[in-house]
Amino acid sequence: MAAVTASQTAQTAAGGEAGPDAALQAAFDAAVAADERIEPRDWMPDAYRASLVRQMAQHAHSEIIGMQPEANWITRAPSLRRKAILMAKVQDEAGHGLYLYSAAETLGTGREELLDKLHAGRQRYSSIFNYPTLTWADVGAIGWLVDGAAITNQVPLCRCSYGPYARAMVRICKEESFHQRQGYELLLALSNGTPAQHEMAQDAVNRWWWPSLMMFGPPDDASAHSAQSMAWKIKRHSNDELRQRFVDICVPQAEALGLTLPDPDLRWNEERGRHDFGAIDWTEFQEVLKGNGPCNEQRLTQRRRAHEEGAWVREAAAAYARKHTPGADPAVRNGKATA
Ligand SMILES: [Fe+2]
Ligand SMILES: [Fe+2]
């Protein structure tokens with residue numbers, strides 16, 4: 001918030017009839033209405049804070065769980081170039097998780113707490129990462145479709161009303177755009193390769209297309225959080241609007257790739273100036289969310305194991321930070337410290 005901070009408004013309204021809470025709420029509403037950013041020290045409604053923590057946690061969890069299906073192919077990448085690109089991409093996803101956990105910390109929710117909830121199955125990650133990566137072409141399909149859907153979802157989040165989230169998204173979107181292009185380029189190479197490679201690319205697109213459309217979440221009339229998130233300007237467009245946008249972007253790209261999208265109902269609608277597309281199997285979506293997707297158990301088990309195996313790294317990092325924190329007990333500081 002810039003023009004009028006919540007604390008200023010609270011002071012001026014302290015003795016007023018409406019009371020400080022109403023004044024704070026009014027300042028918050030005015031800031032959101034004026035497209036100003038809400039910053040960590042600003043007053044915000046508890047429900048706004050809780051909604052942001054829920055969304056940012058789910059987003060952060062998706063970034064780090066999303067490392068698994070692609071990391072699966074690092075050792076089997078078909079060339080050194082492809083291996084280097086894939087490693088860089090998977091590392092980027094770890095970085096995205098880091099930015100987002102850090103952004104969530106500005107709301108008073110620690111990373112440890114969020115990870116505990118993820119590991120206990122009490123917070124979600126994107127349903128897309130519960131599908132397996134069966135062939136090398138899946139790496140391309142994920143880059144093109146999954147990172148592509150993520151960009152469509154996330155570019156508007158760069159204008160999210162909460163400052164730290166919006167700023168984290170700016171950098172994330174730049175990197176996602178690289179991810180999308182590497183996937184597209186990988187699929188293009190396969191599509192123009194041998195008949196078997198072309199077939200592999202088509203098969204991957206057939207399997208990833210529908211789950212990618214599900215990434216935008218349930219239809220607007222069934223989306224529990226959408227309307228409030230849009231009122232708070234956390235979200236700028238509805239699930240259905242973003243999904244439509246994604247379909248319209250992908251159709252010409254699929255043509256350029258020489259691949260088809262697995263939807264017999266997909267066609268240009270002259271009147272709407274957009275593509276019509278077939279019905280999404282929301283039962284499958286709900287089943288995956290409930291934990292019954294092909295890889296739910298594998299993903300969480302691997303995540304818990306990685307967390308346990310990383311305990312020594314966290315301890316070492318904490319010890320290092322203690323030693324290098326100005327004013328820390330000299331006895332625990334590095335040998336350079338003097339008593
Ligand atoms: Fe990412
Ligand atoms: Fe990505």
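One-based numbering, in listed order, for ligands and for the atoms of each. What's counted below: heavy atoms across the whole structure, side chains too, no hydrogens, waters or symmetry copies.
- A salt bridge links E185 with R82: the distance from a Lys NZ or Arg NE/NH1/NH2 to an Asp or Glu carboxylate oxygen falls below 4.0 Å.
- Among residue pairs with one or both ends in residues 124-138, those qualifying as salt bridge (Lys or Arg N to Asp or Glu O under 4.0 Å) are D138-R207; sequence neighbours excluded.
- The existence of a salt bridge linking R274 and D240 is excluded, since no basic side-chain nitrogen approaches an acidic carboxylate oxygen closer than 4.0 Å.
- For the Fe ion (ligand 1), protein N, O or S atoms closer than 2.8 Å were enumerated as E63 OE1, E93 OE1, H96 ND1, E176 OE2, with waters left out.
- Between P69 and R299 there is a side-chain heavy-atom pair separated by less than 4.5 Å.
- The aromatic rings of Y101 and H61 are tilted relative to each other, their planes meeting at an angle between 30° and 60°.
- With a 4.5 Å cut-off on side-chain heavy atoms, Q123 and L114 count as touching.
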